[in-house]
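Before any comments, here is the structure.
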Amino acid sequence: MMAFPVPRPQAPRFPSHQIRSFASGQGAVRAVRFNVDGNYCLTCGSDKSLKLWNPHRGTLLKTYYGHGYEVLDAAGSCDNSQVCSCGADKTVVLWDVATGKLVRKFRGHGGKVNCVQFNEESTVIVSGSIDTSIRCWDCRSRTSEPIQILKEAKDGVSSVKVSDHEILSGSVDGRIRRYDLRMGQLFVDFVGSPISSVCFSRDSQCSLSSSLDSTLRLLDKETGELLGDYMGHKNTEYKLDCCFNECDTHVVSGSEDGCVYFWDLVKGSLAVTLSVGKGVVQSLSYHPTEPCLLTATQGAVQLWGDENCEADTPSTS
């Protein structure tokens, strides 16, 4: 029987070409987020608005008004029919995408709400606040009370991510907390520096955190073992996003020097540096399946792709 050589792995494709840049018209963009299939995105503005875009065409589809202060984070539901958002007005808001109407406003946090996520079925919204709590809100219930409050953090909760049975959170107290909702267990990893962003790897085996000592750390999710740390960017003051690329080969972070940095996940070496602009690259969002990246700096959003990506031309109608 003939043995066939193992095909060489394809070289990673980086979103190193700026496909388009567009002004959001929202003051500073606090967060930019792809939807679940990567066809649309949400931008959160310091002008209290939330906007839905087709970033590939640079077209605005809808504007949502209802927050009393700046909007800090948002997420789309699994079927794209609803959006949740949170802001400095201490509220979490559920929106109907098609009509643009506010469906529910959840109050209960004692300070600004930094981060928000849907659970996998988009029936529960999980929010993290400067008040040190994580609250879980039932989208279908008529009651305004949260169904669960997690109060283990000793300082503000800066970032939350949700998998099918886990909540991952990062806090200014320098700790990453992972709640296993099936087992009712809490796992804590101490980093030391205030954490600004956390996320799961796409294979759910690892967690990545960004902290104010200008370091990203990759941890084995089950054991808490440090698998790698990544440096070279600048992050000492601002809450910056970090993430994995679409195939878990590289980790990515915004930076206070106006760039986005890509590191090789295994080697830890710096692979690519994207120069975005002069301001802090506060937010970024990676496409779920393509080498495609959204960045936000000051009042503008940039869409990046590899050399095979081409911009859609906005319709003139």
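Only heavy atoms go into these numbers, but all of them, side chains included; no hydrogens, no water, no symmetry mates.
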Task: Main-chain N/O of L227 paired with D220 side-chain donor or acceptor, under 3.5 Å - done: no
Open item on the list: Here's a test for you: under side chain to side chain contact (heavy atoms under 4.5 Å, CB included), which of S210, S209, C242, C115 qualifies with V198?
Closed with: S209
- [ ] Determine, for D213 against R217, whether the closest basic-nitrogen to carboxylate-oxygen distance falls under 4.0 angstrom.
- [x] yes
TODO: Would you please say whether a donor-acceptor pair under 3.5 Å links the side chains of Q82 and S122?
DONE: no
- [ ] Would you indicate whether the side-chain heavy atoms of S171 and T132 approach each other to under 4.5 Å?
- [x] no
TODO: Could you verify whether a donor N or O on one side chain and an acceptor N or O on the other, from E256 and N235, lie under 3.5 Å apart?
DONE: yes
Open item on the list: Are the side chains of F14 and L293 in contact, using a 4.5 Å heavy-atom criterion?
Closed with: no
Open item on the list: Are S46 and R30 packed together at the side-chain level, in the sense that at least one heavy-atom pair is separated by less than 4.5 angstrom?
Closed with: yes
TODO: Measure the OG1-CG distance between T295 and L274 for me, rounded to the nearest 0.5 Å.
DONE: 8.0 Å
Task: Cationic N near anionic O, under 4.0 Å, R175 to E152 - done: no
- [ ] State whether the number of non-hydrogen atoms from other residues, nucleotides or ligands found under 6.0 Å of K48 atom NZ is greater than 12.
- [x] no
- [ ] Tell me whether V157 is reachable from L72 by hopping between hydrophobic residues (I, L, V, M, F, W, Y) whose side-chain heavy atoms are closer than 4.5 Å.
- [x] no
Task: Test item: F244 and C199 side chains (from C-beta on) under 4.5 Å apart, heavy atoms - done: yes
Task: Residues R135 and S129: side-chain donor-acceptor under 3.5 angstrom - done: no
Task: Qualifying residue, where the test is side chain to side chain donor-acceptor pair (under 3.5 Å) with E166 and the options are K161, Q185, R182, K221 - done: K221
TODO: Could you tell me whether D241 and R33 have a side-chain N and a carboxylate O separated by less than 4.0 Å?
DONE: yes
Open item on the list: Regarding R13 and D306, does a basic nitrogen lie under 4.0 Å from an acidic carboxylate oxygen?
Closed with: yes
Open item on the list: Within the 4.5 Å heavy-atom criterion, are E246 and P291 side-chain neighbours or not?
Closed with: yes
- [ ] For a side chain to side chain contact (heavy atoms under 4.5 Å, CB included) with V32, tell me which candidate from T297, V301, L284 qualifies.
- [x] V301
- [ ] Could you point out which residue of F262, Y238, W263 forms a ring pair (Phe, Tyr, Trp, His ring centres under 6.0 Å) with H233?
- [x] W263
- [ ] Please answer whether the main-chain N or O of A98 pairs with a side-chain N or O of K62 as donor and acceptor at a distance below 3.5 Å.
- [x] yes
Open item on the list: Using side-chain heavy atoms (C-beta onward) and a distance below 4.5 Å, is S127 in contact with W137?
Closed with: yes
Open item on the list: I want to check something: taking the side chain as every heavy atom from C-beta on, are L294 and P55 in contact at a cut-off of under 4.5 Å?
Closed with: yes
- [ ] Kindly determine whether D47 and K51 satisfy salt bridge (charged side-chain N to carboxylate O under 4.0 Å, His left out), including the steps that lead there.
- [x] CA-CA 11 Å; D47 69 343; K51 291 186 176 182; 5.4 Å; no
Task: K112/D73 ion pair, N-O < 4.0 Å - done: no
